[in-house]
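Chain naming here is simple, since letters A, B, ... match the order of the sequence lines and numbering starts at 1 in each. We use all heavy atoms of the structure for the numbers below, so side chains are in, but hydrogens, waters and symmetry mates are not.
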Amino acid sequence: MVNTNKTKKNNREDLEKIGIQIDADETTDTAEEEDDDNEEEDIKQPAKIRKKQNNRKSSKPSDEDEDNSDEDTKLKARNNRRRLPVQNGIRKNKNDKDDESDEEKSTDTAKNSRTKARNKDNGKGEESDDNSELEGENKKTRKNPVHNNNRNNRNNANKRQKDEDNKKVKQANSRGNRKGEKDNGKDKKKKGKSSSSSSSSSDSEDTLSEGELAKVLEEVEEKKMLIAAIRTKAWRMKRKLTTLKESQEFVEKFEGALGKGKGRKFYAYKVMMMKKWIKFKRDFENFKTSCIPWEMKIKEIESHFGSSVASYFIFLRWLYGINLVLFSLTFGLVVIPEVLMGLPYGSIPRKTVPRKEQPTAMDFSVLWEFGGYIKYSALFYGYYNNERMIGVFKYRLPLSYFMVGVGSFGYSLMVVIRTMARNARENGIDGDDGDFNFSWKMFTSWDYLIGNPETADNKFASITTSFKESIVDEEESQKDENIHLRRFLIVLANFLIFCCLAGSGYLIFYVVKKSQTYSTLEELTWYQKNEIDIVMALLGMFVPPLFETIAGLENYHPRIALKWQLWRMFALFLGNLYTFLLALIDQVNAQLAEEESIKNKTLAMVNSFNFTNSTSESIPAIDPADFPRGPCWETGVGLEFTKLTVSDILVTYGSILVGDFLRALFVRFINYCWCWDLEYGFPSYTEFDISGNVLGLIFNQGMIWMGTFYSPGLIGINILRLLTSMYFQCWAVMCCNVPQSRVFKASGSNNFYMSLLLLILFLSLLPVIYTIMTFTPSFDCGPFSLAIYYLNATSKTYETANLELKRKMQMLRDEQKNRRNNKYTVNPMLQDLEDLLPNNANVNKPESNQIVIGKQPNEATRANGKHGKEMTLAPPPPRMVVTKPPNPRQVSHIPGQPRSGTPGSGPRRPSPGQSRH
Amino acid sequence: MGNKQTIFTDEQLDAYQDCTFFTRKEILRLHGRYHEMAPHIVPMDYTNEPDVKIPIQLITNMPELKENPFKEQIVKTFSEDGAGNLSFNDFVDMFSVLSEMAPRELKAIYAFKIYDFNTDNFICKSDLEKTLNKLTREELAPEEVTLVCEKVIEEADLDGDGKLNYPDFENMIGKAPDFLSTFHIRI
């Protein structure tokens, strides 16, 4: 592909260089062709000579030289036979060519003149052997099997383009341009002649010299290149088809001739495989394009509304593609493995709805807000287990979770940047905007896609106005109006807009702060629950029109005004999003604090089980629904994003239904009985707001990128959203919108949208990275929870501590024995303790036992919480803890969980108490 | 599929795919469109390459071209006889050039031909006036038209000969941000 591109470019350059001479060369070109047949006889002689020279120069042994004359005569005969059909072909071609318009000729003549250049060198090459490179080229050209001047020239041109860097050739080119016409005609024909002869020689001789082989190979490559690039040639289709056929035949014929003996077989095999591969590639291409959805839908919209509205839908489709890849990544590598291979629902606390929420967990109102069963499903971060490997395949889920998170960002980044680069390449440099103002208007303002009369009318009108505007601009560019007033208005407008932005930011901040106070309340009204979303949606709906109104003050050119409007809306959305994020981070901080306490509580509880049970496997003894657990801030964040996305979807669809559909219905049907014309008067139908819709889409995507790490299900929701909005918006556009009166170009802003998307990608990457880096993951939920590892570690330290304890107890017992020997007043409790010791090492100190006796269960729990907090302040606790806290907690905690009707803990509990009596 | 095979041979389809920017399916669809414009003239079987042409009036009535102010010019540019009668080859060629995949250079060459009304290889003032009148449905005053045409030549004419030749045009159109997206017909 690179090669063809290069050729194309060279082609172009040449065209530019020679474009001016085009007309002059035209006539001679055709004349030459016609003379062709008449001059055949003259040509034979020089061809012979040259052939001989060729052979002399090639590395063949000299005895072959002698055969040459015989061979040549044979060849000539063969040529004559061969030439006939081809020449007919030429005659046919000639006819085509005659009516071909001038560009084609210009390309041809461009090539002709280059050939001329070469021809001149041919003459030289015959005399001087040192000019070996050019000579090589000469021989190449002589190899052409088909006696077709034009073809020949074209091939030469290709060759020339390939060797463009060759300085000699360039010199030759310039020399050639100065060369007269007559010689060219002759030379060319010589070549044409000799080419056919040598080609058939290569056909007849089984063994080819290496040089020739290389040449044939090169030529085959050329033909291949021609075949690949033929679609970009500005030729008539007929000519393309014939050229293609000829080239293909040539390639077919000579590809097999390359390589000898075993090599040939291999080569043939390779060629066959190449053919198969090309066929496969084409089939795959066909398949790929047939997979592109909504082609006809978009086409319909295009013809109705022009390319700008369609560009929105193409963007939507593009985003859908990206999301589909992200979706398959997350679902294929994270969600589905977890669902299939991970522990089932209800097996561990994080996968179970807490007891408190269970009665309402299936209520629609709860599910609607992604509470209940949905919250504790694989759609959210919290569900994932931190087991390092799951299932029979030893699938490393936490690793894959992380890698998918990184991978989806990486993929998005790559795709966006690649698309931007491609757009930039296609659109060229649109740097000097004002240089071709009128020319561009003249030649590119008509949108060839338009196929709807109404749109066409609008387009004509808008083109006319834009021309008039430009004329007025042009005339008025010299005289300036009241510049002070204008400046004042611009400043005023910007000030007002800034106020709006600040106001909306503050409003969101205020609402979020307020909603945090709600969390202490028990019963929340529907409004209180959704306040943030509602406020954000309302802001998104009403502020942009406000901006537009204010921007009216500025009186900018529509295109500039549009860019400003886009940037302002972008700032608004971004401000809202970041305020929302800040508030969310506050919430996370609060939850983290809460979590700390719960963590200690749970830890203590788990530890207590470790103590009561000699084996540490008693953790699942409690029903998972009853297990105390942290708030799991990650799930909280994911939940917020999901809710925001859903409310955004609803608001978008709602506004389409009300703002577009109902308005259209009203205008359409009330128009019969209204005092003025509604359709053309005030309410009218809505226009499709491209910029607003695209921005909405971009921000939605930003939210998906942000939220998807904490809520893998979000991307699935987004897929649904894009899918439905494709159909819904297509329908809405076709049924209730009118083509824009002021059609602006979308393509120029294509990369503008892309850069916005890129910016959003970075901006959404930031908070995700920030949260991952700064906040510790929840201890009891998600793939990165450390709870179990932590517990394992602590239980180990506790074990060692217990050993130590045992030793201490031993010492104590010895002491007591000694004391008993002295006095006989023995604490009965201590005696019990002694009895217990050999079986259970947990009971350690007399003081702690006393505490237990003195406390009611409830009080004990409360005390525990406090204790716990102190404990976590010193993270490596075991050593200091050993002496005191474990024991009281053990006893006190279990009563604190009255509903834990687990068989394990029930009988075990009384054991110390019984022994007390 | 079996039904489709009868329209073209596989070789023909491959050749068309090599020579255009279309896939097999699109070529078949194009044939369908071509056929439905003049069912009595155009045969369903194209394996032996019949020499059939559809007159310009039928072609310009296609919904894709109907609203285009330059439709006659487009069709004439792509017709082999210059009068606007399109054979199937020309028809495919036209939509291939106007398709999304065609490179800028190719599109520019044909755009130049389309806007060159009198086929003198230059876009001169009369061509520009015609273009402008077609674009605006002759709603601009004559002075405005001449002003715009002068402006265009002033902007784009590099060698100062008062008309645009192909390099001028190519240079100008190569920088146009909207050219690729507007010089495009989806079929």
Side-chain angles (χ1 to χ4, degrees), chain A residues 8 12 16 19-20 22-23 96 99 101-103 106 227 230-232 234 236-238 240-241 244-245 282 285-286 289-290 299 302-303 307 426-430 432 435-440 442-453 456 460 463-464 467-468 471 474 745-748, chain B residues 15 17-21 23-25 63-64 66-70 80-82 89-90 92-93 96 98 103-106 109-113 115 119 121 128 131-132 135-137 139-140 144 147-148 151-152 155-156 165-167 172-186:
Chain A
K8 237 188 287 163
R12 201 108 314 283
E16 272 181 33
I20 301 162
I22 291 171
D23 296 83
D96 305 348
D99 3 88
S101 41
D102 310 83
E103 259 81 52
S106 71
I227 290 171
I230 198 161
R231 58 177 65 170
T232 63
R236 292 257 171 257
M237 185 58 73
K238 219 177 207 173
K240 277 193 213 172
L241 288 173
L244 178 77
K245 214 171 183 183
R282 169 166 294 164
E285 246 354 88
N286 284 352
T289 46
S290 70
K299 193 208 148 195
E302 254 173 354
S303 70
S307 62
E426 273 175 10
N427 290 341
I429 331 107
D430 45 4
D432 33 12
D435 279 10
F436 296 109
N437 185 10
F438 281 98
S439 317
W440 288 348
M442 179 85 91
F443 295 116
T444 67
S445 58
W446 182 260
D447 194 338
Y448 279 56
L449 284 161
I450 291 174
N452 174 289
F460 282 124
I463 289 174
T464 312
F467 268 118
K468 280 186 174 158
I471 292 169
E474 196 63 30
K745 329 281 183 28
S747 64
Chain B
Q17 286 179 70
D18 273 330
C19 293
T20 65
F21 298 93
T23 62
R24 174 193 180 91
K25 208 172 136 194
E64 279 83 2
K66 205 172 176 192
E67 298 302 327
N68 199 314
F70 307 112
E80 211 173 316
D81 57 8
N89 280 343
D90 299 333
V92 172
D93 202 18
S96 168
L98 288 168
R104 186 184 276 270
E105 293 83 7
L106 186 65
I109 290 172
Y110 280 98
F112 183 80
K113 283 192 204 176
Y115 293 122
T119 59
N121 250 341
L128 286 175
T131 312
L132 190 59
L135 266 181
T136 57
R137 287 189 174 160
E139 274 173 30
L140 288 183
E144 288 173 323
L147 180 75
V148 170
K151 276 278 160 200
V152 170
E155 281 169 0
N165 54 14
Y166 180 69
M172 182 270 296
I173 216 83
K175 289 175 185 159
D178 302 318
F179 175 61
L180 276 188
S181 67
T182 55
F183 197 73
H184 163 205
I185 291 179
R186 204 183 286 261

Student: Please enumerate all residues that pass ring pair (Phe, Tyr, Trp, His ring centres under 6.0 Å) together with B:Phe21, with sequence neighbours excluded.
Tutor: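 Listed in chain order: nothing, the list is empty.
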Student: How are the rings of B:Tyr115 and B:Phe70 set to each other: parallel, tilted or perpendicular (split at 30° and 60°)?
Tutor: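 Aromatic pair B:Tyr115/B:Phe70 classed perpendicular.
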Student: Going by side chain to side chain contact (heavy atoms under 4.5 Å, CB included), name the residues that satisfy it together with B:Glu144, two or more places apart in sequence or in a different chain.
Tutor: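 If we apply the side chain to side chain contact (heavy atoms under 4.5 Å, CB included) test to B:Glu144, skipping adjacent residues, the hits are A:Lys468, A:Ile471, B:Leu140, B:Ala141.
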Student: Return the CG to NZ distance between A:Leu241 and A:Lys245, rounded to the nearest 0.5 Å.
Tutor: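 Going from CG on A:Leu241 over to NZ on A:Lys245, the span is 9.0 Å.
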Student: Quick check on A:Leu244 against chain B: is it the side chain, the backbone, both or neither that has a heavy atom closer than 4.5 Å?
Tutor: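 Side chain only.
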Student: Given that the side chain runs from C-beta out, which part of A:Phe443 has a heavy atom under 4.5 Å from chain B: side chain, backbone, both or neither?
Tutor: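 A:Phe443 touches chain B through backbone and side-chain heavy atoms alike.
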Student: Could you tell me which portion of B:Ser96 (side chain, backbone, both or neither) has an atom closer than 4.5 angstrom to a non-hydrogen atom of chain A?
Tutor: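 Interface part for B:Ser96: neither.
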Student: Out of B:Glu67, B:Lys66, B:Glu139, B:Glu64, return the one with the most heavy atom pairs under 4.5 angstrom to chain A.
Tutor: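 Most heavy-atom pairs within the cutoff with chain A belong to B:Glu67.
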Student: Check each atom of B:Leu135 against the heavy atoms of chain A and say whether the ones under 4.5 Å are side chain, backbone, both or neither.
Tutor: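 Answer is both: backbone and side chain atoms of B:Leu135 are under 4.5 Å from chain A.
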Student: Are the side chain of B:Arg104 and the backbone N or O of B:Gly174 linked by a donor-acceptor pair below 3.5 Å?
Tutor: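 Checking the backbone N and O of B:Gly174 against the side chain of B:Arg104, a donor-acceptor pair under 3.5 Å is found.
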